[in-house]
Every structure is written in C-alpha cells, then in structure tokens.
Amino acid sequence: MFRQTEPIVRSLTRKRKNIESTPPITDYFTTIKRDRSQTEAKKDVSQKLDEKLDDTCARSTPDYTEHAPLFSLEDLRILLKVPLKPSLTDIPDESLSVGLENLPGKIYSHIFTILDMQSVTALSLASTKMSSRVRCYVSTHDFYRRMQLDHLDFLNESFRPDDDEFFENDPFVACGALIKSITITLNTETRARVFLNICRNLRNQLGGSLQGFGRMLETVTDNWKFSERRIMIKAAILIDPDLRRALIKVLTAKPGQCIGLEMKVRSGLTQLFLTKNQDVDEITPQEVISFGSWLSIVIRNVVEKYQGKLYFILFGPTRSSSTGELVDWTYFCDEETQKHSIRKCEPNYKKLLKTLLNGIRALRIMNNSKSSDDWWTGQKIYQLFLRIIEACGQERWSIKASSMSLSIDSPGLLSEYLVNCLDPQRSDYQSLLTEAAEMVCLVRSHLYRWSSTPATYLAEPLHHAFNHLAQSDGHYEGGYKSFLDKIWKVQQIRLKELVKNAKNTTQASNRIREELDGQLAMARLLCEFATTISLHNQHAIQLPQDVGDEIINEPREEDEQLEEI
C-alpha cells in the first residue's frame, strides 16, 4: 500500500549505503556516552522485571486486542522523555538561529526518512539535541512506515544470511542499532520497555511475524552483561503475547499434549534468540560461545524442573503427522525396529542426536572458555542432560541413544557419567561399576565406527575417571584396579558372545572383526592404566610391624638401591 505511492527518488535514497560510501556525518559533533545511574550498578537489574512489564501492559489501552499494539506511541514518548504531542511546524527553540539542531519537526522527519538508518543512528549519538530529535522521530508513525518500506526493499533484494551485504542492508539490524543509540543513557529496565514498545508496534505494522526480531535483539544487546540480556529476553518473549502463554502451558502440560503450542514455542524462541547456525563442529569458537550464551539465558529463564523439557522442545527431533509437524518425544526411547529401520538408521540417528546435543556442547565450551559471566559446571550440564531424558516421559532412552550421546560429547557427558557411577560410597557400587565398564565399551564401538581412533576421544574421560578413583581410595589397588579389570572382562565377554552367536554370514564376520579392531585400538590406552598400577606396586615399600621408631629413621638397603637406580 505504501510502496505504490512512494516516489522513486525517495525509495532510492532511503536504501542503506556501503560502509565505504557512508558520509562522515558525525565528524563535526562530539559523541555522548552512556552513563548508568549508581542505583542500577548496585542492584540486580533482573529483579522484579515481570511485575514492571505487567504493570506497563495494564496501563495500555483498554480496547487492546491480540492484533493491536501493546503500547501506544504516547507511552513510548513518555519512556523516551519527548513531548506527548510534538508539533511538526514549530521550531524547537525560537530564540536560536535555524540550524541542523534547530529545525521544525516535519523537516527532521523528512531528513531522517531520506537518510539511511545507519546515518540516523550516528546523528542520535552526535549530541543531546540531535538524540532528542531522533527520539521524537522514532515515536511517530513515519518511522514505522519507513521501516515497512525498508523491509520490503530488503525482501526484494533476496539477500542470504551468508552474503557479505546481508547485515549491512538488514533493516532489523539497523533498527536495533538505532534503539541502542537512543536509549544509551537510560537504565536497562527502561531500555527493555522501549525495545518492547517499538517491537510490538513494528510487528503489528509488518504483519505479525517474529522473523528478524532476533537480529534486532542481538544488535541491541551486543556486549551486554548476562543480567542485562536476561531482562531483554523477558521483554522479547512479550513481543508476541501468545508466546509467553504458550510457553507456560507447554511446560506445565505432559509431553505431546499441546502439539501446536509446542511448535509455536519452538519457532518463536528460535527466531528470537537462536537465529544463527548451531552446528558446533562447523562454526567458529566465538560463534559457539555466543550460541551457548543465549541458550544459557533462555534455559535459565525457567525453573530447573522444566529446563529439560524446554531444551527438548527447542532441539528435539520432529516428525510429520496428519495434524502437522510435532515434537517426537519417543524417538530416542524406542529401540530400532524393522518398521523404523530407515528412519532410525545410524547416520540419521546420529545426525538428530548431534542436533539435540549441540546446545549441551556449546554450554560446555562456553564454560571452558571463561569468556562469559554465566557459568555452567560439568555437573550442572550433566544434570540438564538427565532432565532432558526425564522430560521424554516415563520411558527411558534406549541404550543406543544413551551410549551414542556419551560418544558425541565424550569430554563432557561421558566424564561426568563415569564420575557419578564410580562412587564407592553408593550401595549399588558393584553393579554401577559393571554398567560403567559396559558403557565404555559401547562408546568405544561408536567411536571406532565413526573415526577408527576411539582412544583419541576416550583418553581424557578415562584419565578423569581413573584419577577420581585413585583420589577416592588414596591408592591404586581399590576401585582403580577393579574398574580396569571390569573393562577387560566386559571386552572379553562381548567377543565371546559375538563368536558364540555368530552365523555363517558376512555381517556376523564384520561384527567380530569390528570388535577385534576396536579392542586393539584401545589396547595401548588401557595398558597405560595397567602400567600405572604396576609402577605403584613396584615402588610401594611396606615396613615390618615390629620395627621400632629408631629403625624407621635409618636408611634401608632397599631405599639405597632405589636411589641408585
């Protein structure tokens, strides 16, 4: 509607310019910097945010409907501290001569609409007066009509996220930078309310989709602390009023009970907070940390008992049905059957499991990098993994899903699994010892099929587990030796069972050969642990019980021989 009446000249001048061609419009202005109030620095800015946002919602127009803006422009002007009824013809300060900082509001609206958004953002940082003029412009209908036209131009250009010019021409990124600039001196709670106001009105102008608002949120919160970004997440969830209600309903309901709402939550949260590539093996370490940071804030936005369910809704496998796409809560619970052999073949099974565990691995990498102010210990991540399994209902995950999960994240999940099982203080320690040894062999089998070098991936978790056992007992004769013996025995039993049940087929021969090759690939690593026990026994010297204290202080022949060696 607006595009047909728009002059061609204005449409061309409104497009963003390349960075090289952007005019140095702020060369003659001093840039203001954000100055936080002392009260904000001292208190936890995430406290009581929901109540404040709810109060703001309550003060909105009484004739509010689901498809109308949550806030009015008058509310936005109050937040931005601009005149409630701005005049488009009067000069802001008639006592001053007419200049760039003292023009009628209508002129400013025309200038800001013609300029690309990057220049408008730069102007808002040039001086306090220019910042006030830009705030007045953002709180008018002209700004939202301009954003709608910028969005249409962007869609017509057909940019892809991997294009160099995508973010330069993205109107949502530009709008995020503008919101960040005009609220730079406000406290975080007020900035969240300004962000929510603009997004709700803009979403209504663009037709109700959340696509693109995630990029706007990332731009606004760039280099912010976790406590500040947590506030913005609470505000962003309210951009679509139905999203928060759906989130509460699906978390409190049984898995699969609210099929449509589960997919709405998945789509909405992904578009808002998890917009970039999530493949940990394909993206850069900094992108992994960014992904883990946003996921951490989203997960910790709900209480612990619902975190596993929310995680599975976000990353769990889906399947098609007569009613549409839905989250498949039983995919990892059922053993492979002939009916699902194609759907659950190992490459597809591994791919879906890796997609599910990308978030777990990102949290661990983020924690190890120490570049974040929100920590996830290995134990916390392992507990989240257990809650993900519990969220699937009464059925437990299959052995295949559990062992493959530990194989995919062996430095993290497998290490924590072994430490939790190998606790001599537990009453079922012996059964857990056998279970841990069997799991090591299963993980070794997966890793051998994937890479042929299982020892490379199992060295770290096994050293961690054996060191834990040695420290628990204080020596190498207890749990350390027992666990090593269990692993050797389990490998022996696995091979005997394969030979006993083998048939005269190529498949059976390949399984036996694979098991032998896998055990051979692990032999050197396991021998290192056996050597540790042997060396400890060789150097251990036991004194006779009837020797007096005066003899203990004298050097013995054995000690002298050891020193010579």
Side-chain angles (χ1 to χ4, degrees), residues 274 277-285 287-296 299 307-308 310-312 314-317 331-332 346-370 372 374-392 396-422 435-436 438-468 518 522 525:
L274 307 170
N277 186 6
Q278 300 170 3
D279 191 345
V280 175
D281 296 326
E282 298 294 334
I283 57 182
T284 64
E287 290 173 332
V288 175
I289 294 171
S290 176
F291 168 44
S293 300
W294 280 110
L295 177 61
S296 173
I299 293 297
Q307 289 177 356
L310 176 59
Y311 187 98
F312 198 90
L314 289 174
F315 304 108
Y331 184 89
F332 299 116
E346 183 159 336
N348 189 46
Y349 205 86
K350 178 187 175 184
K351 180 180 178 181
L352 292 176
L353 203 53
K354 283 188 65 176
T355 302
L356 178 70
L357 295 177
N358 272 330
I360 293 286
R361 298 167 66 195
L363 292 177
R364 179 174 56 81
I365 295 172
M366 178 194 72
N367 182 65
N368 295 339
S369 67
K370 297 182 180 180
S372 170
D374 193 14
W375 306 113
W376 282 78
T377 63
Q379 184 64 25
K380 285 288 185 182
I381 296 176
Y382 182 67
Q383 290 175 357
L384 174 62
F385 175 67
L386 295 181
R387 285 194 290 268
I388 295 171
I389 297 177
E390 294 174 358
C392 295
R396 299 183 60 184
W397 276 20
S398 65
I399 297 297
K400 179 181 178 181
S402 301
S403 59
M404 197 175 287
S405 299
L406 302 185
S407 306
I408 292 173
D409 190 29
S410 55
L413 293 180
L414 180 59
S415 294
E416 293 299 327
Y417 165 81
L418 293 176
V419 169
N420 280 269
C421 285
L422 304 177
E435 178 184 321
E438 292 175 347
M439 185 60 72
V440 169
C441 293
L442 288 172
V443 170
R444 183 258 301 156
S445 299
H446 292 307
L447 292 174
Y448 177 78
R449 285 196 297 272
W450 299 343
S451 65
S452 299
T453 57
T456 304
Y457 302 94
L458 286 176
E460 181 180 346
L462 285 181
H463 273 100
H464 184 65
F466 278 109
N467 289 339
H468 168 74
M522 283 287 295
L525 178 61

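Quick note: numbers below take in every heavy atom, side chains included, and nothing from hydrogens, waters or symmetry partners. All values reported here derive from a predicted model rather than from experimental measurement. Quick note: residue numbers are just sequence positions, from 1.
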How far does [atom1] of [X] sit from [atom2] of [Y], to the nearest 0.5 angstrom?
X	Y	atom1	atom2	value
Ser403	Leu353	OG	CG	9.0 Å
Asn367	Trp376	CG	CH2	10.0 Å
Glu287	Asp279	CD	CG	11.0 Å
Ser445	Met522	OG	CE	10.0 Å
Leu310	Ile388	CG	CD1	10.0 Å
Leu314	Ile299	CG	CD1	6.0 Å

Taking side-chain hydrogen bond (donor to acceptor under 3.5 Å, both in side chains) as the test, write out the residues that go with Gln307, two or more places apart.
-> Arg387
Kindly write out the residues that satisfy side-chain hydrogen bond (donor to acceptor under 3.5 Å, both in side chains) with Glu435, not counting sequence neighbours, or none if the list is empty.
-> Tyr417
For a 4.5 angstrom cut-off between non-hydrogen side-chain atoms, does [X] reach [Y]?
X	Y	answer
His463	Leu525	yes
Leu418	His464	no
Ile360	Ile408	no
Thr453	Tyr457	yes
Gln379	Asn420	yes
Lys350	Pro347	no
Phe466	Leu422	no
Leu363	Leu384	yes

Contacts of type ring pair (Phe, Tyr, Trp, His ring centres under 6.0 Å), residue [X], not counting sequence neighbours:
X	result
Phe291	none
Tyr349	Tyr331, Phe332
His446	Trp450

Could you pull out the closest heavy-atom pair between [X] and [Y], with the gap in Å?
X	Y	value
Leu295	Phe315	CD1-CE1, 3.6 Å
Ser407	Leu447	O-CD2, 3.7 Å
Ser405	Leu413	O-CD1, 4.1 Å
Ser296	Met366	CB-CE, 4.3 Å

Hey, is the main chain of Ser415 close enough, under 3.5 Å, to the side chain of Tyr382 for a donor-acceptor pair?
-> no
With sequence neighbours left out, which residue pairs that include part of residues 406-418 fulfil the salt bridge (charged side-chain N to carboxylate O under 4.0 Å, His left out) condition?
-> Arg364-Asp409
With side chain to side chain contact (heavy atoms under 4.5 Å, CB included) as the test, would you mind laying out the steps for Leu406 and Leu442 before giving the verdict?
-> CA-CA 10 Å; Leu406 302 185; Leu442 288 172; over 6 Å; no
Apply side chain to side chain contact (heavy atoms under 4.5 Å, CB included) to Ile365 and Asn368, showing your working.
-> CA-CA 5 Å; Ile365 295 172; Asn368 295 339; 5.7 Å; no
Sort out for me which residue in Ile283, Val288, Val280 forms a side-chain contact (heavy atoms from CB on, under 4.5 Å) with Asn358.
-> Val280
